[in-house]
Amino acid sequence: MFQIRVSSPSTVALAIGRIQFNRMPKTRFSAIQSKTEIPTSEPNPGSEGSNDGSAPELRVFTRRKRLKKTEVQKIHLEVKPHAPKLAAPPDIEEFTYTKVSASTNSIDTGKPPANWEKVLEGIRKMRSSEDAPVDSMGCEKAGSALPPKERRFAVLVSSLLSSQTKDHVNHGAIQRLLQNNLLSADSIDKADEATIKSLIYPVGFYTRKATNLKKIAKICLTKYDGDIPSSLDELLSLPGIGPKMAHLVMNVGWNNVQGICVDTHVHRISNRLGWVSRPGRKQKTSNPEETREALQLWLPKEEWDPINPLLVGFGQTVCTPLRPRCGMCSVSEFCPSAFKEASSPSSKSKKSGLSKKL
DNA sequence: GTCCAGCCGC
DNA sequence: GCGGCCGGAC
């Protein structure tokens, strides 16, 4: 089964080769009620072990990109899959967080916020009765025939194109690439950049993405034999691939959850809920990467994957950026930010952005 | 006109 | 830490 969860503007964009909507008994996904893992016929060089949480393992995250100017931070995060399901909060003692190099700006500790399970469950319920754009976008059959290497490359291309792009637009672009046999590293490398550009139009930032696509194809071809990189770090080194997409690709492409895919919705909602505020200070995280690190400190690993579609849909329908619908939110009693949003955004320019912070 | 939204260059 | 990248929604 080949499935693209084409995204709404902000989301995680795709899920190829696995069923994603187990918690969203909506429309065409209604038949899918249980978590279905991809048949793991392919080897997974990206991970030493499986990511099914069956055994404790040491994961090493190396953050690059944004930090490379200052210093490369290595954050070793030992994650033991929390024992209790959802019955009890995860044992915080199980999560050992060690900063290797001095870090100026990372969260120090993470305690599970009060009532997080109730909140999560409440959001799940709201999500199951609400139709978010992220839910309604179709799944694709095209590409199911692709062998693993090409499928992974398609995952990478899809996620690159999908950012800042409407679902159906991204879908169309992928379809056109597919129809023109331009969904492999080899073919894209050989293709004219103008051709790529015209085929992916009108995805957001198509010029830049066409350029990046060519570069990525070349890199994949020369360094990875036409496959995509199998580590977070190597994915991050690709042009146009940042933390959000890298985690998505690790998750979907390699079925290897290395971290939470944090987009603007997850970032915003986590902060509104007080899930990532720093103890001692009332400070919120200031960017998605900080939010990701803070969330990973306490959120049970089995939630890392589903948290994105959950909060994205919630953010599209209830907890919207502007004028969130706290009145219809079933977890507002647990939300420190409920009903605190400025009612009239009206005239605020870049200078006076104070009114709209959250 | 303003905002979206992830990444990148500055 | 801000603005540019794109087109579309508003």
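Proteins come first, then strands; the chains are lettered A, B, ... in the order of their sequence lines, and each starts at number 1.
Spacing of P atoms, B:dA5 relative to C:dC10, comes out at 13 Å, to the nearest Å. Atom C1' of B:dG9 sits at a distance of 22 Å from the matching atom of C:dG7, rounded to the whole Å. With P as the reference atom, C:dC6 and B:dC10 are 16 Å apart, rounded to whole Å.
When distances are taken from the side chain of A:Asp263 to each of B:dA5, B:dG6, C:dG7, the shortest belongs to B:dG6. Here the side chain of A:Tyr201 is nearest to one of B:dC7, B:dA5, C:dG7, namely C:dG7. Ranking B:dA5, B:dC7, C:dG7 by closeness to the A:Pro243 side chain, first place goes to B:dC7. For A:Phe205, taking side-chain heavy atoms from C-beta onward, the closest of the listed nucleotides B:dC7, C:dG7, C:dC6 is C:dC6.
Rounded to an integer number of Å, the gap from A:Leu161 CG to B:dC7 P is 13 Å. B:dG6 atom C1' lies 17 Å from atom CD of A:Glu290, rounded to whole Å. One interatomic measurement links the two molecules: CG of A:Asn170 to P of C:dG7, which rounds to 16 Å at whole-angstrom precision. Rounding to whole angstrom units, NZ of residue A:Lys197 and C1' of C:dG7 are separated by 14 Å. Regarding A:Arg268, its CZ atom lies at a distance of 10 Å from the P atom of B:dG6, rounded to whole Å. Atom P of nucleotide C:dG4 and atom NZ of A:Lys209 are separated by 19 Å, given to the nearest angstrom. For A:Leu248 and B:dC7, the CG to C1' distance is 15 Å, given to the nearest whole Å. Following rounding to the nearest Å, A:Arg208 (CZ) and B:dA5 (C1') show an atom-to-atom distance of 14 Å.
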- [ ] Starting from the C-alpha separation in whole Å, work towards a yes-or-no answer on salt bridge (charged side-chain N to carboxylate O under 4.0 Å, His left out) for A:Arg124 and A:Glu303.
- [x] CA-CA 12 Å; A:Arg124 279 193 203 105; A:Glu303 302 291 345; 3.2 Å; yes
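Between A:Thr207 and C:dC6 there is a side-chain N or O to OP1 or OP2 distance below 4.0 Å. Contact annotation: A:His265 side-chain N/O to B:dC4 OP1/OP2 distance is not under 4.0 Å. When the side-chain nitrogen and oxygen atoms of A:Tyr206 are compared with OP1 and OP2 of C:dG7, one or more of them lie within a distance under 4.0 Å.
Ion pairing between a basic and an acidic side chain is recognised when a charged N comes within 4.0 Å of a carboxylate O; A:Glu289 and A:Arg292 show such pairing. With salt bridges taken as basic N to acidic carboxylate O contacts below 4.0 Å, one links A:Lys149 and A:Asp225.
Here the straight-line distance linking atom CG of A:Leu156 with atom CZ of A:Arg152 works out to 11.5 Å at 0.5 Å rounding. Note: A:Ser162 OG to A:Ile174 CD1 = 8.0 Å, rounded to the nearest 0.5 Å.
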